[in-house]
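See structure below.
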Amino acid sequence: MNNKPGIEKLELKVLICDRSRYINDLWSQFGLSILADCYWKDGHSRRILFDTGWESDPLLHNMNKLDIKVDDIDALVLSHCHYDHTGGLTKLIRNENAKFKLIAHNDITRPVYSLKPEIHYIGLDEKLLSELPRERLMLLADETEIYSDVWITGTIPRVTDFEEPEEDVYVLKDGKLVEDPEEDDMALVFNLGEEGIVVVSGCSHAGIVNILYKSMDITDNKKIKSVIGGFHLIDLSQEVRKRTVEELGNLNIEKIWSGHCTGFDAEYLLKEKFGKRHEMFYTGDVINFTINK
Ligand SMILES: [Fe+2]
Ligand SMILES: [Fe+2]
């Protein structure tokens, strides 16, 4: 028998995205940060921050405008190491009132570089994590249920034959730069039972379809209510974009929200295929899910 309380309501707020609707005084920057407020039927709730954008100040500015306090964050989940998702972490970690648990892949501190236009570091500052007391750091590689019906996918198996890793990302291994398989890429998944699952992804370097496969698998729920994230189709081929959109169509997703590194070409294809079932998200957008009792 399932004794879980069940999620009653989920509210997602886009705290940072690359684009703005220019209807509020929030700041946009390259990167992604999404706040998830999750409420269970037994009355308890948790506040989860997913990624932190590129720099701390725009994130803290937006949090201040929206009256979100660092000390109210229960868990901070990092989707992967790239600076546009982890750069904002610095001032959150150093905030003396912070009590959040930091959750990330155990490979998140590997040294990663881009070579264009010249070599530069694109990963997370490893020393930063050592500033956190050990009990507030949770590093993982396998799927993990962090709260009741709230999952972190862990490493995503590369199953599809069309989703490719992005180009120009390298990891320093034994003194040499080799292509980075980006295995730290993970998503946050809410299982809303009969309503389906809600999947929040950062850059989807593992491939958004691969991510959805694993999300359905670990929750044992084949219904996808919504997927929200950057789908990193911006610098992949038109062929990859088309195959991705085609396969998303086979998954019967109720609503797709795209932003960040998805790219306009892919967003055009998504809009063409899904119509009102596709929406582009902007800084400040709020996406609500309420579960019928
Ligand atoms: Fe990104
Ligand atoms: Fe990325």
Side-chain angles (χ1 to χ4, degrees), residues 12 14-20 27-35 49-56 58-59 62 76-90 92 103-117 119-126 128 152-156 158 163-172 177-188 199-211 227-236 240-241 244 256-267 270 280-283 285:
L12 303 178
V14 181
L15 298 187
I16 292 292
C17 178
D18 311 39
R19 56 192 176 209
S20 165
W27 294 352
S28 290
Q29 62 167 333
F30 176 55
L32 186 71
S33 177
I34 295 177
L35 185 79
L49 185 65
F50 182 76
D51 287 345
T52 63
W54 185 351
E55 286 182 337
S56 299
L59 176 64
N62 292 354
L76 200 166
V77 177
L78 295 176
S79 64
H80 66 302
C81 66
H82 291 163
Y83 63 96
D84 51 323
H85 297 254
T86 60
L89 191 59
T90 316
L92 297 185
I103 304 171
H105 194 282
N106 64 16
D107 201 24
I108 199 161
T109 53
R110 73 199 182 287
V112 286
Y113 295 86
S114 165
L115 300 186
K116 289 178 189 163
I119 187 161
H120 61 285
Y121 192 74
I122 57 168
L124 169 69
D125 179 2
E126 188 174 4
L128 200 55
I152 308 288
T153 58
T155 312
I156 307 286
R158 274 53 169 176
E163 293 184 300
E164 301 165 355
E166 64 174 331
E167 289 174 7
D168 188 42
V169 282
Y170 298 89
V171 57
L172 189 63
L177 283 177
V178 294
E179 277 182 18
D180 181 20
E182 303 182 307
E183 284 191 347
D184 62 327
D185 188 40
M186 312 191 293
L188 174 65
V199 179
V200 186
S201 180
C203 266
S204 307
H205 293 303
I208 190 59
V209 176
N210 286 327
I211 289 168
V227 54
I228 296 114
F231 302 151
H232 208 89
L233 295 163
I234 193 164
D235 56 7
L236 297 180
V240 177
R241 290 180 198 130
T244 302
I256 299 172
W257 292 84
S258 66
H260 183 43
C261 53
T262 307
F264 287 130
D265 287 335
E267 290 185 303
L270 286 165
M280 292 159 68
F281 65 75
Y282 295 71
T283 304
D285 281 0

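First listed ligand is number 1; within each ligand, the first listed atom is number 1.
- Evaluation of the salt bridge (charged side-chain N to carboxylate O under 4.0 Å, His left out) rule for E267 yields R19 as partners, not counting sequence neighbours.
- By the 6.0 Å contact criterion, CH2 on W257 is enclosed, its count of non-hydrogen atoms from other residues, nucleotides or ligands being greater than 12.
- Panel detail: the Fe ion (ligand 2) has protein N, O or S atoms under 2.8 Å away, 4 in number.
- Side chain of Q29 to backbone of E55: a donor-acceptor contact under 3.5 angstrom is found.
- Atom CG of D107 sits about 7.5 Å away from atom CG of D180, to the nearest 0.5 Å.
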Next on the checklist: Please evaluate residues H80 and D184 with respect to the criterion side chain to side chain donor-acceptor pair (under 3.5 Å), reporting the C-alpha separation (whole Å), side-chain torsions for both, the decisive distance (0.1 Å), and the verdict.
Outcome noted: CA-CA 5 Å; H80 66 302; D184 62 327; 5.8 Å; no
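- Interatomic distance, I122 CD1 to L115 CG, rounded to the nearest 0.5 Å: 9.0 Å.
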